[in-house]
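In the text below, chain A, chain B and the rest are named by the order of the sequence lines, each starting its count at 1. Quick note: numbers below take in every heavy atom, side chains included, and nothing from hydrogens, waters or symmetry partners.
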Amino acid sequence: MKEELKEKILSAVEKKFPQVKELKDKIKVELPKEDRFGDLATNVAFLLAKPLRKKPLEVAQEIKPVLQEVKEFSKVEVAGAGFINLFLSEDYYRQVLERIIAERDRYGEAKEKNRGRVNVEFVSANPTGPLHLGHGRGAVVGNVQSNLYEYIGYTVEREFYINDAGNQIKKLGESVYARFRQIEEPDYPFPEDGYKGDYIKEIARHLYKYEREKILSMVDREQAVDFCAEFAKEMLLERIKEDLKLLGVEFDIWFSERKLYSSGKVEEALQFLKEKGLVYEKEGAVWVKTSLYGDDKDRVVIKSDGSYTYFAGDIAYHYDKFKRGYDFIVNVWGADHHGYFPRLKAVVMAFGVPEDWIRVIFIQLVKLFKNGQEIKMSKRAGKFITLRELVEEVGRDAVVYFFLTKDSNTHLNFDIDLALEKSAENPVYYVQYAHARICSVFREAKERTGFDPEKDFTADVSLLKEEAERVLMKYLSSIPDLIREAAEKQQPHKLTQITYRLASEFHYYYNHFKFLTTDDERLMKARLYLLKAVREALRTLFRLMGITPVERM
RNA sequence: GUCCCCGUAGCUCAGCAGGAUAGAGCGCGAGAUUCCUAAUCUCGAGGUCGGCGGUUCAAAUCCGCCCGGGGACACCA
């Protein structure tokens, strides 16, 4: 919406100052921070001041008359050092409300999914244990960012990379096998760096119950360990899927690291790099010249013992993604992988993709707080609160919302007490209550007046003359642009801010005005029409975040 | 040592591809309910935007240096 208006402003200004064309990208048209500065504000005059060698204020004065001719603007003011504040006409707001109600919970979403194909890879936890809070945050952020890409017109594939090769799985097998043996021989040694969580014992007990004979009959210990590993991996993967479902997160692609090796994709990718002259041997190992593409140094892909490094697998994995032809890809990673990005980016650049083809979103630590105290977790000792336990304790909506309150690249303190609180202090309840309140008003309307706002109806928006109503409509009109901005800047946490503000403006309105005035039916309908638009906007935001629009609280 | 992130109200943090008097929530103080859900709302106190320079009509935002906190720098995964 802002884009359309920006075009109108530009073409109007262009008649007077053709130079404005070159400044197009720098010109801003946005919601001013204070209400008295109008519905939209633009900085054109500041930008034109330099080439015209005039003061911004003068330029603004000269632009004012041309903008006054644009029919969408009811008033044009010059303020400050040269800001141009624009007030939108009633007719414009009528269109906004009509559009919201027509588009329902997809308000402002791109109609055509023709911007391209995107791959978002996230969670990608080792199938060696239950998901922890960091994974949960990554799951929510990755999923919501995917929703945002869809909102702005991309087709998105959500992918989970299963690290089912290598030492971690081996260790998993050893751990389960040891627990299995301990059932009969309590002194059977447990591997020093094994997984100590109780879930390992559970898996062992399960195996003992159903596969005891089979495992004990295996002569080769390795074989038994592999069997345990495979079984445990499958079981844990199933559990991971369930945990993700609890958060409302589902994947399109489950990509197995092991298949990458067994299908020869690693050789294929390395061959590709070799043909480009980017591979060489040194000190008995095979290296890739990542330093040519911005990495600090070259990296080993085949160790001197002949085995592949983890990096080799990742090269192959990304070569595969490259060949799938995405317009760009996004990796959601734990922030501890920060230092790993330059080398991966380097090798991907070597494939010959554009600079921003591979993007990364880092997820920082989540710390849990209860009764004002941090709950310390130790994975090594097997003492930690799982994602599932947290969801069971505070509920899915709270978990999702809290994970989205901060930029994913900053540490997050998750306050369990706050998440459980049923009051204004809890932002989840605050925003959900806004939605429930509107539903409640609608029920009451039908009850009292017989008029059912749930059904389609029209209203005379021009009757909405209160300041609070204009403020609300103004904010509603800017929401698609705000969502788009969140999508493009890869900042899904902005959704909670947008939602909170909308809820806040609604609560204010609710507390200061009556909607069910029987003496003026036209005004009542106009107000209910506005509420309906607010509700659809809330539903749009809830849908993007994956939060339930509760109808009663 | 090299590189990255962070430093904004008592606390937790927004804002940072420059724009108007730096925001929110919590906490603290004072209020609002004969009326559609008070799970709400209103008002108030509270700031050298870590420090010093620079660029600019304009700097919390961009650049440089410094101070403080965290992290990354494997023939690990």
Please report the distance, rounded to the nearest Å, between [atom1] in [X] and [atom2] in [N].
X: Trp287(A); N: C75(B); atom1: CH2; atom2: C1'; value: 7 Å
X: Lys532(A); N: C36(B); atom1: NZ; atom2: C1'; value: 17 Å
X: Phe311(A); N: A74(B); atom1: CZ; atom2: P; value: 13 Å
X: Ile315(A); N: A77(B); atom1: CD1; atom2: C1'; value: 15 Å
X: Arg299(A); N: A74(B); atom1: CZ; atom2: P; value: 6 Å
X: Lys406(A); N: C26(B); atom1: NZ; atom2: P; value: 13 Å

So what does Asp336(A) hit on the nucleic acid, given a heavy-atom distance under 4.0 Å: a base, only sugar-phosphate, or nothing?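 If one applies the 4.0 Å heavy-atom cut-off, Asp336(A) turns out to touch the sugar-phosphate alone, with no base involved.
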Among [options], which nucleotide sits nearest the side chain of [X]?
X: Lys297(A); options: C36(B), C73(B), C13(B); result: C73(B)
X: Lys514(A); options: C36(B), A77(B), A20(B); result: C36(B)
X: Ala41(A); options: U21(B), A20(B), C36(B); result: A20(B)
X: Ala285(A); options: A17(B), A20(B), C75(B); result: C75(B)
X: Thr309(A); options: A77(B), C36(B), C16(B); result: A77(B)

Anything under 3.5 Å between a protein N or O and an N or O of nucleotides 2-8 of chain B, put it in a table, one pair a line.
residue	atom	partner	partner atom	Å
C4(B)	O2'	His338(A)	NE2	2.7

Separation of the C1' atoms in C36(B) and U40(B), to the nearest angstrom: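 About 13 Å, rounded to a whole number of Å.
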Inset, instruction - Would you say whether Phe515(A) stacks on C36(B)? The test is a distance between ring centres of less than 5.5 Å and an angle between planes of less than 30°. - result: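 Per 5.5 Å and 30° rule: yes, stacked.
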Exercise. Would Phe37(A) count as stacked on A20(B) if the rule is ring centres under 5.5 Å and plane angle under 30°?
Worked result: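 So Phe37(A) counts as stacking on the base.
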**Item:** Residues forming a side-chain hydrogen bond (donor to acceptor under 3.5 Å, both in side chains) with Lys265(A), sequence neighbours excluded
**Value:**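 By the side-chain hydrogen bond (donor to acceptor under 3.5 Å, both in side chains) rule, Lys265(A) matches Asp320(A).
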Letter by letter from the 5' end, nucleotides 38-45 of chain B scores (B base, S sugar-phosphate only, - none; protein heavy atoms under 4.0 Å) SBBSS---
Looking at Phe451(A), does the NZ or CZ of Lys525(A) lie under 6.0 angstrom from its six-membered ring centre and within 45 degrees of the ring axis?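 Lys525(A) over Phe451(A) ring: yes.
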Please determine whether a side-chain nitrogen or oxygen atom of [X] lies at a distance below 4.0 Å from atom OP1 or OP2 of [N].
X: Lys171(A); N: C76(B); value: no
X: Lys54(A); N: C57(B); value: no
X: Lys303(A); N: C76(B); value: yes

Over all atoms of both residues, closest heavy-atom pair of Asp298(A) and Thr290(A)
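Smallest heavy-atom distance, with atoms named: OD1-N, 3.4 Å.
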Its dot-bracket string being built from Watson-Crick and G-U pairs below 3.5 Å, with | for another strand and [ ] for crossing, RNA chain B has the pattern (((((((..((((.....[...)))).(((((.......))))).....(((((..]....))))))))))))....
Can you list every salt bridge (Lys or Arg N to Asp or Glu O under 4.0 Å) pair that touches residues 432-444 of chain A, not counting sequence neighbours?
->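 As it turns out, the salt bridge (Lys or Arg N to Asp or Glu O under 4.0 Å) pairs with a partner in residues 432-444 of chain A, which skip direct neighbours, are Glu444(A)-Arg448(A).
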Residues forming a salt bridge (Lys or Arg N to Asp or Glu O under 4.0 Å) with Glu257(A), sequence neighbours excluded: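 For Glu257(A) there are no salt bridge (Lys or Arg N to Asp or Glu O under 4.0 Å) partners, ignoring immediate neighbours.
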